[in-house]
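Written out below as structure tokens is the structure these notes cover.
Owing to the predicted nature of the structure, the values given are computational and were not obtained by experimental measurement. Quick note: numbers below take in every heavy atom, side chains included, and nothing from hydrogens, waters or symmetry partners.
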Amino acid sequence: MIDAENAPSSAFSTYGRQGKEVQRGYAIGDYISSNMVNVEVEYRHKFSATGNDYLDKSAMVLIGGVGKSFGEQLEGNSLDFRDTDLLGVIGVGFRYNILPYERLNIKVDLTYNSDGDTIIYFGFGESI
């Protein structure tokens, strides 16, 4: 039986974006620990009835998030929730709908985190 104290490092939580999981704005592997909490919000503004076909298929996105990575660390030490840094992120994004009948978008997000890093995400998918 595996418990939190004897879990292998592969069972640890990895803070950062990996596919569609977890917080945008952090590189995978910068924060690895046995526990994490995260809240991320996204506001989208879809343009419509602008008279411009390009704009009518577009949306702007505002991103904000905050979280913590705590508990047993990959290096073997342990940090309490109160002892770890708050990991914040803000960002903006753009969506362009290339196939409306499939709800397929090209998306670009630009994020800035509390470590001072800027990360750009490119992708396809999701609906406007």
Tell me whether Tyr112 shares a hydrophobic cluster with Val39, the cluster being built from Ile, Leu, Val, Met, Phe, Trp, Tyr side chains joined at under 4.5 Å.
no

Dump the intermediate steps for side chain to side chain contact (heavy atoms under 4.5 Å, CB included) on Ile120 and Val108, then the final yes or no.
CA-CA 7 Å; Ile120 299 174; Val108 177; 4.2 Å; yes

Between CD on residue Glu40 and OG1 on residue Thr111, distance to nearest 0.5 Å:
9.0 Å

To the nearest 0.5 Å, what is the distance between CD1 (Ile90) and CZ (Arg24)?
13.0 Å

Find the distance between CZ (Phe124) and CD1 (Ile106) and round it off to the nearest 0.5 Å.
5.0 Å

For Ser69 and Ser33, which heavy atoms make the closest approach, and how far apart are they?
OG-OG, 2.6 Å

Are the side chain of Lys46 and the backbone N or O of Met60 linked by a donor-acceptor pair below 3.5 Å?
no

Evaluate Leu86 against Lys68 for side chain to side chain contact (heavy atoms under 4.5 Å, CB included), listing each step before the verdict.
CA-CA 5 Å; Leu86 206 57; Lys68 283 194 169 213; 3.8 Å; yes

Is there a donor-acceptor contact under 3.5 Å from the side chain of Gln73 to the main chain of Leu79?
no

Between Leu62 and Val92, does a side chain to side chain contact (heavy atoms under 4.5 Å, CB included) hold up when you go through it step by step?
CA-CA 5 Å; Leu62 297 176; Val92 295; 3.9 Å; yes

Hey, is CG on Asn77 packed in by over 12 heavy atoms from elsewhere, all under 6.0 Å?
yes

Set of ring pair (Phe, Tyr, Trp, His ring centres under 6.0 Å) partners for Phe47, sequence neighbours left out:
His45

Gap separating the NZ atom of Lys57 from the CG atom of Asn52, nearest 0.5 angstrom:
10.5 Å

Interatomic distance, CD1@Ile63 vs CG@Asp109, rounded to 0.5 Å, equals 4.0 Å

Taking the side chain from Tyr121 and the backbone from Gly25, do they hold a donor-acceptor pair closer than 3.5 Å?
yes

Do Asp80 side-chain atoms and Arg82 backbone N/O form a donor-acceptor pair below 3.5 Å?
no

Might you work through the side chain to side chain contact (heavy atoms under 4.5 Å, CB included) test for Phe81 and Asn35, ending with a clear yes or no?
CA-CA 9 Å; Phe81 180 84; Asn35 301 293; over 6 Å; no

Using the test side-chain hydrogen bond (donor to acceptor under 3.5 Å, both in side chains), find all partners of Asp117 that sit at least two apart in sequence or belong to another chain.
none

Kindly say whether Leu87 contributes a backbone atom to a donor-acceptor pair with the side chain of Asn113 at under 3.5 angstrom?
no

One should read off an interatomic distance between Asn97 CG and Glu102 CD, to the nearest 0.5 angstrom, of 10.5 Å

Members besides Val41 in its Ile/Leu/Val/Met/Phe/Trp/Tyr cluster (side-chain heavy atoms under 4.5 Å):
none

Counting distance only, does the side-chain N/O of Tyr26 pair as donor-acceptor with the main-chain N or O of Gly88 below 3.5 Å?
yes

